[in-house]
Undergrad: 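I'd like to ask you about the structure that follows.
All values below come from the heavy atoms of this structure, side chains included, with hydrogens, waters and symmetry mates left out.
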Amino acid sequence: MSSFSDIYGYDTIKEHLQASIAMDKVSHAYIINGGLGAGKKLIAKIFAKTLQCENVNRENVNSENINSDNAGSDLNTADINPCNKCHSCIQADSDNQPDIIWIRHEKPASIGVDDIREQLINDMQIKPYSSRYKIYIVDEAEKLTVQAQNALLKTIEEPPAYGIVILLTTNADIFLQTILSRCVVLDLKPLSDELVDKYLKDNYDTTDYERRFAVSFSQGKIGRAVTIIESKEFAQLREEVMHVVKYAKEMSTAEIMSAVKNIANYKLTIDDYLDLMAMWYRDVLLFKSTNDTNFIIFKDQMSLIKSQSVTMSYEGIEDILNSIDKVKIRLKANVNFDLVIELLIMALKENS
């Protein structure tokens, strides 16, 4: 059972969404923009569930507040929450609410025009099954092809009264300007380290080191910090990264190819893999520059950090960090995964 109180750190966005429900001024199209683990899905789920709730408290608001640029701040939005008891809320919590539709796509790299036409455009012509709205949530919307965006545009421009589209994306810049101009864009900016740290302190039993590592890695995204604390897979991912940064210098060609195959197992979490690797070399660079351990993240690996800070040059570390950035760009451009990773390990070998 979830409500707006479960959304941590985005008070302005929460108030905006709650006020729009209270005033019955809900837009037909939203873009929720934020990095991995920022909370896009959580916000979309709670917003959709509240919109469909059979008992949500929609207030009568006078015209002065409706016309005010700060309408949300003049309202008591605390009561605008799903009841978590009605049939619709129960269905939403189990992902079975028939009028909250998540768009699926078979191709991992793109969401095509056929996906949008079949699951959204054509389906929206059918009235809601049991609710006030019919809400379509498109996750990973940055994968929408230009053709899919153009097909979606007319639906966003002239939706039926009950139709709402919510696009979740890590990069709103890829959308056509015509799409952007017709959507309410909600940007989930990175939260402060202090706020992420407080959330972990309040909700998890962790050591100071575990919490500091999670906060540093999260880059202001609570969901990402939680993954580090909760996930056994993340601990294994960290070990894999440590193996590569530790032994890259001595790797033979056969060992490099073996490492590439191992890393291929982490295709779905490759951003985490690369971010961990970048954190490592930033630690090496920081220690080489300052000889200060206070701001090192991998404090449990100080011996190796000290050793690499001596043997590696400033230029070599910078080259590795630049190579990691290039890998991210190339993978987003769908360059061959194995080739890109092989080139990265070669850069580590040459500069270690």
Side-chain angles (χ1 to χ4, degrees), residues 2 5-11 34-43 45 170 188-248 259 262-263 265-309 312 317 320-321 324-325 327-328 344 348 352:
S2 56
S5 61
D6 294 309
I7 300 171
Y8 198 87
Y10 298 110
D11 292 343
L36 294 172
K40 299 183 295 294
K41 285 185 183 179
L42 177 66
I43 291 173
K45 284 183 176 182
T170 56
L188 305 185
K189 303 293 186 185
L191 302 174
S192 68
D193 286 353
E194 291 77 16
L195 200 57
V196 177
D197 185 67
K198 183 178 186 306
Y199 180 87
L200 295 179
K201 270 184 181 177
D202 291 345
N203 292 277
Y204 293 92
D205 182 18
T206 63
T207 65
D208 288 344
Y209 172 73
E210 289 171 332
R211 200 169 61 251
R212 183 179 176 189
F213 190 93
V215 169
S216 298
F217 182 77
S218 72
Q219 298 176 347
K221 305 172 191 75
I222 286 177
R224 213 172 185 210
V226 168
T227 298
I228 296 166
I229 297 297
E230 292 184 343
S231 172
K232 292 180 180 178
E233 288 79 9
F234 186 85
Q236 184 178 349
L237 178 71
R238 186 178 185 272
E239 289 303 314
E240 291 286 347
V241 172
M242 289 306 306
H243 176 80
V244 172
V245 301
K246 188 173 184 179
Y247 297 109
N262 285 337
I263 296 171
N265 294 324
Y266 299 98
K267 278 186 179 180
L268 295 178
T269 53
I270 190 62
D271 282 342
D272 288 347
Y273 188 101
L274 295 171
D275 284 347
L276 272 174
M277 185 174 283
M279 278 174 56
W280 172 264
Y281 287 106
R282 287 191 191 103
D283 267 4
V284 175
L285 182 61
L286 180 65
F287 186 78
K288 185 177 182 67
S289 302
T290 66
N291 210 36
D292 187 349
T293 63
N294 287 323
F295 299 103
I296 299 299
I297 297 168
F298 287 86
K299 282 188 179 293
D300 59 335
Q301 298 289 333
M302 278 311 306
S303 177
L304 183 58
I305 286 173
K306 289 177 180 178
S307 172
Q308 290 193 353
S309 72
M312 296 179 72
I317 300 171
I320 289 173
L321 290 171
I324 293 171
D325 288 337
V327 168
K328 291 183 178 182
L344 174 61
L348 266 60
S352 292

Undergrad: Decide yes or no for Ile43 and Leu188: does some side-chain heavy atom of the first lie under 4.5 Å from some side-chain heavy atom of the second?
TA: yes
Undergrad: Is the number of heavy atoms from other residues, nucleotides or ligands within 6.0 Å of CG (Asp205) greater than 12?
TA: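 No, the 6.0 Å shell around CG holds no more than 12 heavy atoms from other groups.
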Undergrad: Looking only at the side chains, is there a donor atom on one of Gln301 and Trp280 sitting less than 3.5 Å from an acceptor on the other?
TA: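 There is no such pair between these side chains.
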Undergrad: Thr207 side chain to Glu210 main-chain N or O, any donor-acceptor pair under 3.5 Å?
TA: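 Between the backbone of Glu210 and the side chain of Thr207 there is a qualifying donor-acceptor contact (under 3.5 Å).
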Undergrad: Indicate yes or no: at least one non-hydrogen side-chain atom of Tyr281 is less than 4.5 angstrom from one of Leu348.
TA: yes
Undergrad: Are the side chains of Met242 and Val245 in touch, meaning some heavy atoms are under 4.5 Å apart?
TA: yes
Undergrad: Is the distance between the ring centroids of Phe213 and Phe298 under 6.0 Å?
TA: yes
Undergrad: Show every donor-acceptor pair shorter than 3.5 Å between a side-chain atom in residues 189-200 and any protein atom, with sequence neighbours excluded, or say none if there are none.
TA:
residue : atom : partner : partner atom : Å
Ser192  : OG   : Leu195  : N            : 3.1
Asp197  : OD1  : Arg211  : NE           : 2.8
Lys198  : NZ   : Asp202  : OD2          : 2.8

Undergrad: Can you tell if the side chain of Leu304 reaches within under 4.5 Å of the side chain of Val284, non-hydrogen atoms only?
TA: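 Sidechains of Val284 and Leu304: no contact.
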Undergrad: Is the shortest side-chain heavy-atom distance between Ile263 and Ile270 below 4.5 Å?
TA: yes
Undergrad: Quick one: pull up OG in Ser289 and CD1 in Ile317 and give me the separation to the nearest 0.5 Å.
TA: 7.5 Å
Undergrad: Please walk me through it: do Asp300 and Arg238 pass salt bridge (charged side-chain N to carboxylate O under 4.0 Å, His left out)?
TA: CA-CA 12 Å; Asp300 59 335; Arg238 186 178 185 272; 3.1 Å; yes
Undergrad: Can you check whether Leu237 reaches Lys232 side chain to side chain, under 4.5 Å on heavy atoms?
TA: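 Side chain of Leu237 against side chain of Lys232, heavy atoms only: no contact under 4.5 Å found.
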Undergrad: Given the rule in the side chain to side chain contact (heavy atoms under 4.5 Å, CB included) test, do Val244 and Asn262 qualify, once you have shown the distances and angles that lead to the verdict?
TA: CA-CA 10 Å; Val244 172; Asn262 285 337; over 6 Å; no
Undergrad: Please name the pair of heavy atoms, one in Arg212 and one in Lys299, separated by the smallest distance, quoted to 0.1 Å.
TA: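 The answer is NH1-CE, 2.8 Å.
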Undergrad: Could you tell me whether a side-chain N or O of Lys40 sits under 3.5 Å from a main-chain N or O of Gly35, the two making a donor and an acceptor?
TA: yes
Undergrad: Between Tyr273 and Leu276, is there a side-chain heavy-atom distance shorter than 4.5 Å?
TA: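 No, every pair of side-chain atoms sits at 4.5 Å or beyond.
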Undergrad: With distance as the sole test, does Lys288 use its side chain to make a donor-acceptor pair with the main-chain N or O of Ser309 at under 3.5 Å?
TA: yes
Undergrad: Yes or no on salt bridge (charged side-chain N to carboxylate O under 4.0 Å, His left out) for Lys328 and Asp275, after CA distance, side-chain angles and deciding distance?
TA: CA-CA 10 Å; Lys328 291 183 178 182; Asp275 284 347; 2.4 Å; yes
Undergrad: About how many Å separate CE of Met312 and CD1 of Ile305, when rounded to the nearest 0.5 Å?
TA: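 So the gap between those two atoms works out to 11.5 Å.
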Undergrad: So which heavy atom on Lys221 is nearest to which on Leu36, and how close?
TA: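 Minimum heavy-atom contact is CD-O, 2.8 Å.
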Undergrad: With a 6.0 Å cut-off on ring centres, are Phe234 and Phe217 close enough?
TA: yes
Undergrad: Would you check if Asp272 and Tyr266 make a side-chain contact, meaning some heavy-atom pair closer than 4.5 Å?
TA: no
Undergrad: Find the distance between CD1 (Ile296) and CG (Asp283) and round it off to the nearest 0.5 Å.
TA: 4.0 Å
Undergrad: Looking at Tyr247, I'd like to know if its OH atom is crowded, meaning that more than 12 non-hydrogen atoms belonging to other residues, nucleotides or ligands lie closer than 6.0 Å.
TA: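 No.
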Undergrad: Can you see which heavy atom on Ala214 is nearest to which on Ile229, and at what distance?
TA: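 Reported closest heavy-atom pair: CB-CD1, 3.9 Å.
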Undergrad: Which heavy atom of Ile297 sits nearest a heavy atom of Met279, and at what distance?
TA: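 Minimum heavy-atom contact is CG2-CE, 3.4 Å.
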Undergrad: Near Phe295 CZ, under 6.0 Å, is it more than 12 heavy atoms from other residues, nucleotides or ligands?
TA: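 12 or below, so no.
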